[in-house]
Amino acid sequence: QAIASAEFTILAGQHRSFVLTYAAAEEAPPRRVNVKTAFRDTEQFWREWTGKSKYSGGWKEAVERSLITLKALTYRPSGGIIAAPTTSLPEHFGIDRNWDYRYCWLRDGAFTLESLLSVGYHDEAKAWQQWLLQSVGSDVRQTQIMYGMRGERHLPEYELPWLRGYRSSGPVRVGNAASQQQQLDVFGEVADAISTMAAAKMRLDPRIGEFQIRLTDYVARICARPTSGIWERRSVRRQYTYSKVMAWLALKLGVAAVEAGRVQGPLAHWRRARNALHREICEHGFSRQLNCFVQSYHSRLLDSSSLLIPIFGFLPFGDERVTGTLRAIEKHLVRDELVYRLQPRSPKECEAAFLPCSFWLVQSHALAGQISEAEKRFEMLLRLRNDVGLLAEEYNPGEGRFQGNFPQALSHIALINAARALERYG
């Protein structure tokens, strides 16, 4: 491993530039970069790109900064969208919760695409469409939850013991073993991205229709299986409620695509599967004792992913089961005005507040018509951003600092969606 370092002093008002270049031993050195020209061209590119945004609501600066972040997390040669540009920034110091996020999660990519499309960015969606088709390939049964930036499937996880890690919190990891998990929810999120592209009148690749048919058929076959959940606990497969809701969404959108004439498929079969899964989720994923949706079938544990259940249209916000779930989450998973993903079952599971979930609660309040509460929470969350408007995955209110990889796409996606909900219903 090669290490490059340099020291220099700079005073207020001074400008200094330096260029770090890299080339393999067998390659010719790259052309020297003219820093002033590169800076000017970069600034012009971003001004032109942000000028294309159709967002005109409140908190425009925060939304624009988040859109820039999502664009910057896109790998231009392939269209892949990474979750974060860092590895091993710990979710919790000293508890071996350090992961490599420099990969393209289908979930994060689908959410990013929807955020960009919502304000008029189509080129990125077209590029991601091609990345999706090339990465997943023709066999939907082999779908992974994440891929490399170029669509790589093999992402073996290993540790670098000679590195101390951030603030001496190791291990430093490369690769991500969670890439081998099967997570049912990703099929619903990808189906929702396809539906969003169609609704935006985008020209869809002809292969997308065939892909959605295979995806919907596959979900109808596997939706009864226990799988890994959205939070990627290792070696834990369950009937996760959120995963089932997203499987229902995949079936619902497959039915809608047939009804709209976009694809041809076994409509009656998909309808039966969709309706049966809806009944199953309401019966087994909802606790009458707790009066809320729970983490997995017949569980007594709450999970903030339940905030997405009404957002994706499984039940309306006025439904008493949704209202009960919002109340339960606010009572048991909110501390210091921030939302935590789960109820810890042991001290080892203790973690910081999860910023995407905190924005999901803002969005839920806005969609439920509780605008004053939503705005109050949103303003508080915006104050947590750093000096250039960026967010990590988690925030530790006791220590007043971010935790987890940074900047985190999912946090900025959730910020944009919360602002859009406030704009629409405020």
Side-chain angles (χ1 to χ4, degrees), residues 107 110 140-141 143 182-196 212-231 236-260 262-329 332 342 360 363-364 367-368:
R107 177 188 308 111
V140 73
R141 296 172 300 176
T143 301
Q182 184 178 59
Q183 295 178 17
L184 192 58
D185 67 283
V186 300
F187 297 103
E189 288 138 5
V190 170
D192 194 48
I194 294 171
S195 176
T196 302
Q212 187 169 16
I213 292 169
R214 293 194 299 270
L215 181 151
T216 310
D217 262 336
Y218 186 56
V219 170
R221 290 203 307 274
I222 70 167
C223 63
R225 298 178 188 174
T227 58
S228 299
I230 183 175
W231 307 131
V236 179
R237 291 192 171 206
R238 293 197 179 115
Q239 305 282 10
Y240 287 104
T241 303
Y242 172 72
S243 298
K244 300 295 185 179
V245 168
M246 298 310 288
W248 166 86
L249 181 64
L251 293 167
K252 174 192 172 186
L253 295 174
V255 168
V258 174
E259 292 174 339
R262 286 199 296 108
V263 303
Q264 293 182 344
L267 184 59
H269 172 58
W270 291 353
R271 279 176 175 165
R272 285 193 299 270
R274 175 199 64 187
N275 296 340
L277 187 53
H278 195 284
R279 290 192 298 269
E280 176 189 306
I281 295 166
C282 290
E283 180 179 354
H284 302 296
F286 182 82
S287 169
R288 290 175 176 79
Q289 280 185 312
L290 301 176
N291 191 34
C292 66
F293 283 98
V294 287
Q295 182 184 74
S296 58
Y297 285 3
H298 309 296
S299 169
R300 292 185 61 81
L301 293 174
L302 273 66
D303 188 320
S304 287
S305 63
S306 298
L307 290 167
L308 295 172
I309 290 175
I311 289 174
F312 281 109
F314 183 78
L315 289 171
F317 275 94
D319 189 288
E320 61 184 13
R321 291 165 291 186
V322 171
T323 304
T325 301
L326 289 175
R327 287 201 201 100
I329 287 173
H332 298 288
L342 306 165
W360 293 347
Q363 187 178 359
S364 295
L367 295 174

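Within a 6.0 Å sphere centred on CD of E259, heavy atoms belonging to other residues, nucleotides or ligands number more than 12.
Residues F286 and I281 have side chains not in contact (no heavy-atom distance under 4.5 Å, counting atoms from C-beta outward). The shortest distance between side-chain heavy atoms of Q182 and R237 falls below 4.5 Å. Using a 4.5 Å heavy-atom threshold, the side chains of Q183 and T227 count as separate. No side-chain heavy atom of L290 sits less than 4.5 Å from a side-chain heavy atom of H332. Using a 4.5 Å cut-off on side-chain heavy atoms (C-beta onward), R321 and F293 make contact. Taking 4.5 Å as the limit, some side-chain heavy atom of L215 sits within range of a side-chain heavy atom of V190. In this structure, D217 and P266 have side chains that are in contact, with non-hydrogen atoms separated by less than 4.5 Å.
Across all non-hydrogen atoms, the minimal contact from F317 to A368 is CD2-CB, 4.0 Å. Of all non-hydrogen atoms in I194 and Q212, the two that sit nearest each other are CG2-OE1, 3.7 Å. What you find for G285 and T241 is that their closest heavy atoms are CA-OG1, 3.7 Å. Considering all non-hydrogen atoms of both residues, S287 and V294 come closest at CB-CG1, 3.8 Å.
For E283, the side chain to side chain donor-acceptor pair (under 3.5 Å) criterion is met by no residue, not counting sequence neighbours.
Applying the side-chain contact (heavy atoms from CB on, under 4.5 Å) test between W248 and each of N275, L277, V219 identifies L277 as the sole match. Q239 pairs in a side chain to side chain donor-acceptor pair (under 3.5 Å) with only one of the listed residues (K244, R225, E280), which is K244.
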One pair to check against side chain to side chain contact (heavy atoms under 4.5 Å, CB included): I222 and F187. What are the steps and the verdict? CA-CA 11 Å; I222 70 167; F187 297 103; 4.1 Å; yes
Decide side chain to side chain contact (heavy atoms under 4.5 Å, CB included) for M246 and R107; before the verdict, give the C-alpha distance in whole Å, the side-chain angles of both, and the deciding distance to 0.1 Å. CA-CA 11 Å; M246 298 310 288; R107 177 188 308 111; over 6 Å; no
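Atom OG1 of residue T216 and atom NZ of residue K252 lie 13.5 Å apart, to the nearest 0.5 angstrom. For the atom pair I213 CD1 and W270 CH2, the distance stands at 5.5 Å (nearest 0.5 Å). Residue L367 holds its CG atom at 14.0 Å from CH2 of W360, rounded to the nearest 0.5 Å. Here the OH atom belonging to Y240 is positioned 11.0 Å from the CG atom belonging to D185, to the nearest 0.5 angstrom. To the nearest 0.5 Å, the span separating CZ on R238 from NE2 on H298 amounts to 13.0 Å. With values rounded to the nearest 0.5 angstrom, H269 atom NE2 is found 12.5 Å from R274 atom CZ.
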Enumerate donor-acceptor pairs with a distance under 3.5 Å from any side-chain N or O in residues 299-316 to protein atoms, sequence neighbours excluded.
unit_1: S299; atom_1: OG; unit_2: L301; atom_2: N; d: 2.8
unit_1: R300; atom_1: NH1; unit_2: Q289; atom_2: OE1; d: 2.8
unit_1: D303; atom_1: OD1; unit_2: W231; atom_2: NE1; d: 3.0
unit_1: D303; atom_1: OD1; unit_2: S305; atom_2: N; d: 2.8
unit_1: D303; atom_1: OD1; unit_2: S305; atom_2: OG; d: 2.9
unit_1: D303; atom_1: OD2; unit_2: W231; atom_2: NE1; d: 3.3
unit_1: D303; atom_1: OD2; unit_2: Q295; atom_2: NE2; d: 3.4
unit_1: S304; atom_1: OG; unit_2: Y340; atom_2: O; d: 2.7
unit_1: S306; atom_1: OG; unit_2: D303; atom_2: O; d: 3.1

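Listed for the S195 side chain is no donor-acceptor partner under 3.5 Å among the backbone atoms of A191. The backbone N or O of L184 sits nowhere less than 3.5 Å from a side-chain atom of S243 that would complete a donor-acceptor pair.
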